[in-house]
2 protein chains.
Amino acid sequence: MQQLLAHLANFHHLSATAREAIQACVTETVHAKNDMLITQGQVCRYLYFLEKGCLRGYYHLDGKEITHWFGFEQDFVTSFHSFTTGQPSVENIQLMEGSVLWSISREALLKLLDEHHELERLVRIAYEKYYLRLEERYVNAQFKTAAERYEQLLEQSPHILERAPLGYVASYLGISQETLSRVRGRI
Amino acid sequence: MQQLLAHLANFHHLSATAREAIQACVTETVHAKNDMLITQGQVCRYLYFLEKGCLRGYYHLDGKEITHWFGFEQDFVTSFHSFTTGQPSVENIQLMEGSVLWSISREALLKLLDEHHELERLVRIAYEKYYLRLEERYVNAQFKTAAERYEQLLEQSPHILERAPLGYVASYLGISQETLSRVRGRI
DNA sequence: AGTTTCTTTTGACATCCGTCAAAAACCAAA
DNA sequence: TTTGGTTTTTGACGGATGTCAAAAGAAACT
């Protein structure tokens, strides 16, 4: 739910006027590695654009941290459910590297969408894409072995493996870190 | 993706005028048990409303049939992706009982949505609800044992267990029929 | 009732994967 | 380079679940 806007709304696909409008109402912030962007229980009032660095979204389940998405350069990220509903967030967003972010408040975003219809279209498309991905991950989780899931990640998203610690990736794949380590050794 | 409209657009929640408009442009069909409503590869041009009976959506994976949703009385059902895009369906829809269905063509539906805005709202809400459910099932698939998934189904959707063969339910839960049988014996 | 067919259960076994614990490798800072 | 912390690997073990095969039970048909 969280990174609806990520993975699709590539900054460079936007028209020049839309880009200018965005740049006019966002502010830059710099964060250190391991900083928390959003903590569980907080209300998330901003949408972020990740210019440099990477981060992850995770939640707690049975005392374990479950990383369920990663964000990288040029992704839009936020705690989507909290951002749209105003409810406290159920997830945490944490920087995995020192990062440069641009943020925009919910009010400013709504104004933007109003004035630049192309952005609204992007949001809707992002929505669909995000869920196609979720559906695929659901099938993978149920019907693929740990090794198959790892190999698929290796093919489709090698950048995740290069920049995220193994433990985060393991929970993302739904397996233990030890199993992932062994799977990796076999290949 | 398939049963976006199912699970939410309960017929009785609609206004009288909308209901009349629907009834004016749908046609009734009767199907026998095990009939195929949609077969993989076909384009699905109709949205169905299930008045009486029940059915399932399934696809093939590694030579096995995976049932991924069930439809019951008062559900709207279709092969959603095929219906909206016009692409051949990747899933099959099969009756589990002799059933009475109402069908509406895509063109007639679009006209309906145009003339009855409340229906459009229902579609959007159904969309969101469907994906929340998918997200929940994703978490269950990854982090719950077979027994926990079964018990949750028993609580939340006992009607499925009463009307669907065990083999269908097993693949729906992502476990083998034998395991489901044993889980059930233990409770 | 008897027969056939489909569905569910039971048994035996192998395998994948999680858990716990310890060792090894890697990294960063002094 | 040494030290301390973090990340990754390795080993041993047990449990959950899949697979294959057969038996038992239900339902449908004659």
Side-chain angles (χ1 to χ4, degrees), chain A residues 32-36 54-56 58 60-67 70 94-98 137 139-154 158-187, chain B residues 32-36 53-56 58 60-67 70 94-98 137 139-154 158 160-187:
Chain A
K33 180 173 175 172
N34 293 331
D35 270 12
M36 302 302 295
C54 57
L55 40 70
R56 65 172 181 138
Y58 71 93
H60 292 275
L61 193 77
D62 301 331
K64 279 173 293 192
E65 283 184 6
I66 309 295
T67 296
F70 295 100
Q94 183 180 36
L95 283 296
M96 296 196 303
E97 297 176 1
R137 288 192 63 202
V139 171
N140 285 346
Q142 266 199 314
F143 303 110
K144 308 256 171 156
T145 65
E148 286 169 330
R149 275 177 272 166
Y150 171 72
E151 281 175 40
Q152 191 169 335
L153 192 71
L154 198 59
H159 54 284
I160 291 180
L161 290 161
E162 283 156 19
R163 295 173 71 181
L166 212 62
Y168 296 171
V169 177
S171 76
Y172 180 75
L173 290 173
I175 58 184
S176 71
Q177 173 166 327
E178 293 89 333
T179 295
L180 179 55
S181 174
R182 279 183 253 262
V183 162
R184 209 162 59 148
R186 254 183 275 132
I187 300 172
Chain B
K33 179 172 174 174
N34 293 332
D35 270 12
M36 302 300 297
C54 58
L55 39 70
R56 66 172 182 136
Y58 70 93
H60 292 277
L61 193 77
D62 300 332
K64 280 172 292 191
E65 282 184 5
I66 308 297
T67 296
F70 295 101
Q94 182 181 36
L95 283 295
M96 296 197 303
E97 296 176 2
R137 288 192 62 203
V139 171
N140 285 346
Q142 266 200 314
F143 303 110
K144 309 255 171 156
T145 66
E148 286 169 330
R149 274 177 272 165
Y150 171 72
E151 281 175 42
Q152 191 169 336
L153 192 71
L154 198 60
I160 291 180
L161 291 161
E162 284 156 19
R163 296 173 72 181
L166 211 63
Y168 298 171
V169 177
S171 75
Y172 180 74
L173 290 173
I175 59 184
S176 72
Q177 174 167 323
E178 294 91 330
T179 296
L180 178 54
S181 174
R182 280 183 251 263
V183 160
R184 209 163 59 148
R186 256 183 272 132
I187 298 171

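Just so it is clear: chains get the letters A, B, ... in the order the sequence lines come, proteins before strands, and each one is counted from 1.
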Peer 1: Which nucleotide of DNA chain D is the first, and which the last, in the 5' to 3' direction, to come under 4.0 Å of a heavy atom belonging to chain A?
Peer 2: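 Span of nucleotides near chain A: D/dT8 to D/dA12.
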Peer 1: I need the residues from residues 158-172 of chain A with at least one non-hydrogen atom less than 4.0 Å from DNA chain C; give them sorted by number, or say none.
Peer 2: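 Here the set is empty: none.
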Peer 1: If I take atom CD in residue B/E97 and atom P in nucleotide C/dC6, what distance separates them, rounded to the nearest angstrom?
Peer 2: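 The distance from CD of B/E97 to P of C/dC6 comes to 19 Å, rounded to the nearest Å.
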Peer 1: Who pairs with B/E148 by salt bridge (charged side-chain N to carboxylate O under 4.0 Å, His left out), at least two apart in sequence or on another chain?
Peer 2: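 Partners of B/E148 by the salt bridge (charged side-chain N to carboxylate O under 4.0 Å, His left out) criterion come out as none, since no residue qualifies.
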Peer 1: Specify the closest pair of heavy atoms between B/Q142 and A/A141, including all atoms of both residues, with the distance to one decimal.
Peer 2: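 Smallest heavy-atom distance, with atoms named: CG-CB, 3.6 Å.
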Peer 1: Looking at every non-hydrogen atom in both residues, tell me the closest pair between B/L173 and B/R149 and how far apart they are.
Peer 2: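 For B/L173 and B/R149, the tightest heavy-atom pair comes out as O-NH1, 2.6 Å.
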Peer 1: Just to verify, what does B/Y58 make a ring-ring contact (aromatic ring centres under 6.0 Å, His included) with, not counting sequence neighbours?
Peer 2: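 Once residues adjacent in sequence are excluded, the partners of B/Y58 under the ring-ring contact (aromatic ring centres under 6.0 Å, His included) criterion are B/H60.
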Peer 1: Could you list, one pair per line, each protein nitrogen or oxygen that sits under 3.5 Å from a nitrogen or oxygen of nucleotides 25-30 of chain C, together with the distance?
Peer 2:
none

Peer 1: For A/T179, check side-chain hydrogen bond (donor to acceptor under 3.5 Å, both in side chains) against everything at least two apart and list the hits.
Peer 2: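 So A/T179 forms a side-chain hydrogen bond (donor to acceptor under 3.5 Å, both in side chains) with A/S176.
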Peer 1: Test of understanding: with salt bridge (charged side-chain N to carboxylate O under 4.0 Å, His left out), list the residues that count as partners of B/E97, not counting sequence neighbours.
Peer 2: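 If we apply the salt bridge (charged side-chain N to carboxylate O under 4.0 Å, His left out) test to B/E97, skipping adjacent residues, the hits are B/R163.
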Peer 1: Distance-only, no hydrogens or angles: does the B/T67 side chain make a donor-acceptor pair with backbone N or O of B/S171 under 3.5 Å?
Peer 2: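 No.
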Peer 1: Taking DNA chain C as the partner, which of residues 139-149 of chain A come within under 4.0 angstrom of it by heavy atom?
Peer 2: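 Of all residues in residues 139-149 of chain A, the ones placing a heavy atom under 4.0 Å from DNA chain C are A/T145, A/A146.
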Peer 1: Could you tell me which non-hydrogen atom of A/V169 sits nearest to which non-hydrogen atom of A/L161, and how far apart they are?
Peer 2: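 Heavy-atom minimum between the residues: CG1-CD2, 3.8 Å.
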Peer 1: Taking side-chain hydrogen bond (donor to acceptor under 3.5 Å, both in side chains) as the test, write out the residues that go with B/Q94, two or more places apart.
Peer 2: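 Here the qualifying residues are B/R56.
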Peer 1: B/E178: which residues meet the side-chain hydrogen bond (donor to acceptor under 3.5 Å, both in side chains) condition with it, sequence neighbours left out?
Peer 2: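 None.
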Peer 1: Looking at CG of A/L154 and CZ of A/R184, how far apart are the two atoms once the value is rounded to the nearest 0.5 Å?
Peer 2: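 One finds 10.0 Å between CG of A/L154 and CZ of A/R184.
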Peer 1: Rounded to 10°, tell me the angle between the two end axes of the helix from C/dA1-D/dT30 to C/dA30-D/dT1, each built from five pairs.
Peer 2: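 The angle separating the two end axes equals 40°.
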Peer 1: Give me the atom names and distance for the closest heavy-atom approach of A/A32 to A/L95.
Peer 2: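 A/A32 and A/L95 have their closest heavy atoms at O-CB, 3.7 Å.
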Peer 1: Taking the six-membered ring of A/Y172 as reference, does the cationic atom of A/R137 (NZ for Lys, CZ for Arg) lie under 6.0 Å from its centre and within 45° of its axis?
Peer 2: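 That pair qualifies as a cation-pi contact.
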Peer 1: Which heavy-atom pair separates A/V183 from A/A147 by the least distance, and what is that distance?
Peer 2: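 The pair with the smallest heavy-atom distance is CG1-CA, 3.8 Å.
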Peer 1: Checking all strands, does B/K33 fall into the base, sugar-phosphate, or nothing category for heavy-atom contacts under 4.0 angstrom?
Peer 2: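 It contacts nothing in the nucleic acid.
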Peer 1: For DNA chain D, which residues in residues 175-183 of chain A have a heavy atom at a distance below 4.0 Å?
Peer 2: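 Close to the strand are A/Q177, A/E178, A/S181, A/R182.
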